[in-house]
Amino acid sequence: MNKLTKYFLIITLLLSSFLATAFSGSNWEVYYENAQVKISFIHLQCDFDNQFNQEFVVFKIDNLTSNPLLVQWDSKIWFDESCINCEQDSPEFRNEIRIESRKTLEGNCSENNALQIFSKFTEKLEDMPGIDKITTLTKFELENLKITDE
């Protein structure tokens with residue numbers, strides 16, 4: 001390989017890495033926004049070594065104020081158009097996040113917390129022994145949203 005080809009390859013790799021980083025945050029969809037917070041979400045593909053690969057809806061919460069905030073909500077979730085918890089009042093679906101002033105909290109694949117909702121398995125059905133059907137998150141709502149200064 002000559003020097004020109006090596007330089008071209010290095011520049012191409014660096015440019016593609018830069019573009020991937022620059023555009024990776026552009027798919028966030030705003031769910032709720034007011035003068036205190038902005039709550040956005042994205043569908044995130046998560047590949048795991050020791051479990052089936054999955055997709056999650058992950059949230060990003062931006063504190064727009066100079067005060068710490070407590071953000072509380074109840075998650076209502078639908079799989080295959082059927083609400084699985086609309087008639088329940090379970091603490092399992094109550095969420096609470098404390099966020100420092102002017103900070104952002106963002107969900108990810110590695111932390112199971114209030115900033116993510118399971119969406120679906122992404123493996124092929126035949127590659128998942130014990131799973132008969134792949135259900136898919138079709139809707140979610142953050143109800144009883146309450147934002148208070150800490």
Side-chain angles (χ1 to χ4, degrees), residues 1 5-34 36-64 68-147:
M1 202 186 301
T5 305
K6 284 182 184 179
Y7 289 129
F8 179 74
L9 183 59
I10 290 170
I11 290 172
T12 302
L13 289 172
L14 289 174
L15 183 60
S16 63
S17 174
F18 170 75
L19 290 175
T21 302
F23 291 111
S24 65
S26 64
N27 296 331
W28 290 95
E29 186 174 332
V30 175
Y31 179 84
Y32 175 84
E33 184 172 14
N34 68 10
Q36 294 176 298
V37 298
K38 180 166 91 171
I39 301 173
S40 307
F41 70 94
I42 192 170
H43 291 263
L44 185 61
Q45 170 69 36
C46 301
D47 297 327
F48 300 107
D49 291 332
N50 299 322
Q51 57 184 322
F52 299 136
N53 295 333
Q54 302 167 37
E55 178 184 278
F56 290 94
V57 171
V58 295
F59 296 97
K60 177 170 64 170
I61 302 176
D62 296 298
N63 181 344
L64 306 174
L69 296 174
L70 184 66
V71 182
Q72 299 169 300
W73 70 91
D74 297 328
S75 297
K76 297 292 181 191
I77 52 179
W78 284 256
F79 280 94
D80 295 338
E81 306 297 334
S82 179
C83 185
I84 66 162
N85 66 333
C86 287
E87 296 187 18
Q88 299 176 3
D89 186 23
S90 171
E92 176 184 0
F93 299 104
R94 287 192 194 104
N95 300 284
E96 180 175 289
I97 295 283
R98 185 177 190 283
I99 182 168
E100 296 297 326
S101 67
R102 307 262 184 238
K103 297 290 182 187
T104 298
L105 295 178
E106 188 174 312
N108 58 52
C109 292
S110 60
E111 294 177 72
N112 185 11
N113 59 28
L115 295 174
Q116 68 172 215
I117 297 174
F118 173 79
S119 178
K120 65 181 177 181
F121 290 113
T122 57
E123 303 274 348
K124 294 178 184 170
L125 188 58
E126 58 269 12
D127 294 337
M128 297 188 301
I131 305 293
D132 299 329
K133 178 185 175 200
I134 297 176
T135 57
T136 302
L137 181 75
T138 51
K139 180 180 175 182
F140 67 89
E141 292 179 2
L142 308 183
E143 291 187 340
N144 304 320
L145 187 60
K146 183 178 175 185
I147 302 156

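Computed from a prediction, not measured in an experiment: that's the story for all the values here. These values consider heavy atoms only, across backbone and side chains, with no hydrogens, waters or symmetry-generated copies.
Counted by atom type alone, E106 and N108 present zero donor-acceptor pairs between their side chains at under 3.5 Å.
Taking CH2 of W78 as the reference point, atom SG of C83 lies at 4.5 Å (rounded to 0.5 Å). Between K60 atom NZ and L105 atom CG the span is 11.5 Å, to the nearest 0.5 Å. Expressed to the nearest 0.5 Å, how far CZ of F52 lies from OG1 of T122 amounts to 11.0 Å. Going from atom CG of L137 over to atom CD1 of I84 covers 8.5 Å, rounded to the nearest 0.5 Å. Atom-to-atom distance recorded for R102:CZ and D62:CG is 11.0 Å, nearest 0.5 angstrom. The CD1 atom of I61 sits 12.0 Å away from the OH atom of Y32 when rounded to the nearest 0.5 Å.
Side-chain contact between I77 and F93 is present, with at least one heavy-atom pair separated by less than 4.5 Å. Looking at E96 and L70, their side chains come closer than 4.5 Å, going by heavy atoms from C-beta outward.
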Using residues 125-134 as the side-chain source, report each donor-acceptor pair under 3.5 Å to any protein atom, sequence neighbours left out, with the distance given to one decimal.
from	atom 1	to	atom 2	distance (Å)
K133	NZ	D80	OD2	3.2

Residues 139-147, side-chain donor-acceptor partners within the protein, below 3.5 Å, at least two apart:
from	atom 1	to	atom 2	distance (Å)
K139	NZ	E141	OE2	3.1
N144	ND2	D74	OD2	2.6

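Within a 6.0 Å sphere centred on NZ of K38, other residues, nucleotides and ligands contribute 12 heavy atoms or fewer.
Considering every non-hydrogen atom in both H43 and S119, the closest pair reads ND1-OG, 4.2 Å. The minimum heavy-atom distance linking F41 with Y31 is given by the pair CD2-CB, 3.9 Å. When all heavy atoms of F56 and Q116 are compared, the closest pair comes out as CE2-OE1, 3.4 Å. Heavy-atom minimum distance, N95 versus S75: ND2-OG, 2.9 Å.
Shown here are the ring-ring contact (aromatic ring centres under 6.0 Å, His included) partners of F79, two or more places apart in sequence or in another chain: there are none. Partners of D49 by salt bridge (charged side-chain N to carboxylate O under 4.0 Å, His left out), not counting sequence neighbours: none found. With sequence neighbours left out, the side-chain contact (heavy atoms from CB on, under 4.5 Å) criterion links N113 to E111, L115.
Between the D89 side chain and the E87 main chain, no donor and acceptor come within less than 3.5 Å of each other. Under the 3.5 Å distance criterion, the side-chain polar atoms of N63 are matched with a main-chain donor or acceptor of I99. No donor-acceptor distance shorter than 3.5 angstrom exists from the side chain of R98 to the backbone of L69, with no hydrogens or angles considered.
Listed by first and then second residue, the disulfide bond (SG atoms under 2.5 Å apart) pairs involving residues 93-138 are C46-C109 (not counting sequence neighbours).
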